[in-house]
Number of protein chains: 2
Amino acid sequence: MAGPKWLDPEEMKAWRLYITTSVDLMKALEDDVRPFGLTMGDYQLLAMISEAPDRRLRMCDLADQLRLSRSGLTRRMDGVLSNAWVARVQDQADRRVAYAELTTKGWNLLRKVAPIHLASVRRLMIDHLTRAEVKAIGSAFEKISKALQP
Amino acid sequence: MAGPKWLDPEEMKAWRLYITTSVDLMKALEDDVRPFGLTMGDYQLLAMISEAPDRRLRMCDLADQLRLSRSGLTRRMDGVLSNAWVARVQDQADRRVAYAELTTKGWNLLRKVAPIHLASVRRLMIDHLTRAEVKAIGSAFEKISKALQP
DNA sequence: CCGGATTGGTTGCGATCACAACTATACGGA
DNA sequence: TCCGTATAGTTGTGATCGCAACCAATCCGG
């Protein structure tokens, strides 16, 4: 390991601000989607499905992409299913498989909320950053992500 | 608001990698402290107290710094109290106030775990970044943090 | 010095989510 | 074909945490 046991002041500053600010940022984004009856978890689920072919995704792929356990996804689906934003579609070929499919109602909701959510991301984060900082965050987390892949 | 409704590709890349990688990173750090019987929440609580004068902190200040609600902190204290890492000390002057005070046992644990935790932060995050990226993350989250202050 | 407002902290309750155990389906080698 | 294994998803249980309601102690205006 290259480094000493401790982080130098700049590393410590980056680490601490990243950790504490991330929590605050998430709560603020949560506040901005709540008026639509959504949690950030719901929003991310809808957004993820909306980008898949036919606006449907296998449950287990969805769980992986959302960083949820299988059971976590089952429980989260309860909410979006009962609101009829997502429909459950059983695969005919492999009957173990279920798809989560965005309904028209879900799609309409997402079209309404997405611009507002993205405006929040801008207002709370992106608009405060220089282009270089945006790029640095992109490249930094890309490397961190790759290193985490095992 | 300066921007259009959507994020441009670099902004979107930064945003998405930041969001998803942060979850993975937290889980990996969680894994690294678990062998010591700690959660990251416990660790951050101990670390926060350890830096305060006399290694004690008022409950409500601790809750604010940890981004926990009052009740959330009460519950989290249950764990560290029963492990005797932290002691509860009632303030004599203002009898509403309780302090969370690091015990010798808690201090010894923290001295053992801190280098290992910080090594994890290095290995999983800092060591993959250039100095410029570390600085950019520091300055970026500093600005985001300031903008979030109500 | 008294009564209302404020502050500090806990408790009841509900939401979220992970782990382990379970069911059901599909696959693959003998 | 058949059985062992792997894969997809759900359910029981327990941990974490926030909100609302609550109690206790302090502060403050009159």
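No experiment lies behind these values; they were computed from the predicted model shown. Chain letters run A, B, ... following the sequence lines, proteins first, then strands; residues in each count from 1.
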Practice problem: For side-chain contact (heavy atoms from CB on, under 4.5 Å), just list the numbers for B/T39 and B/E30, CA-CA rounded to whole Å, side-chain angles, deciding distance to a tenth of an Å, and then say yes or no. | Solution: CA-CA 6 Å; B/T39 63; B/E30 204 81 55; 3.5 Å; yes
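- The base of C/dG9 is not paired with the side chain of B/R75 by any donor and acceptor separated by under 3.5 Å.
- Note on A/R76: a side-chain N or O is less than 4.0 Å away from OP1 or OP2 of C/dC17.
- Taking every side-chain heavy atom of B/L68 into account, D/dG18 is the closest of D/dG9, D/dG18, C/dG8.
- Here the straight-line distance linking atom CG of B/L66 with atom CD1 of B/I49 works out to 8.0 Å at 0.5 Å rounding.
- Side chain of B/R70, nearest nucleotide from D/dT26, C/dT10, D/dT10: C/dT10.
- The separation between A/R96 atom CZ and D/dA8 atom P is 6 Å, rounded to whole Å.
- Residue A/A93 is classed as a sugar-phosphate contact, given heavy-atom separations below 4.0 Å to backbone atoms only.
- Side chain of A/D94, nearest nucleotide from D/dT16, C/dT25, D/dG9: C/dT25.
- Regarding contacts with the backbone of C/dC27, every side-chain N or O of A/R95 stays at 4.0 angstrom or more from both OP1 and OP2.
- Between A/R131 and B/E11, at least one side-chain nitrogen of the basic residue sits less than 4.0 Å from a carboxylate oxygen of the acidic one, meeting the salt-bridge criterion.
- Among the nucleotides C/dA24, D/dG9, D/dA20, the one closest to any side-chain atom of B/S71 is D/dA20.
- Not a single donor-acceptor contact under 3.5 angstrom links the side-chain atoms of A/S69 to the base of C/dC19.
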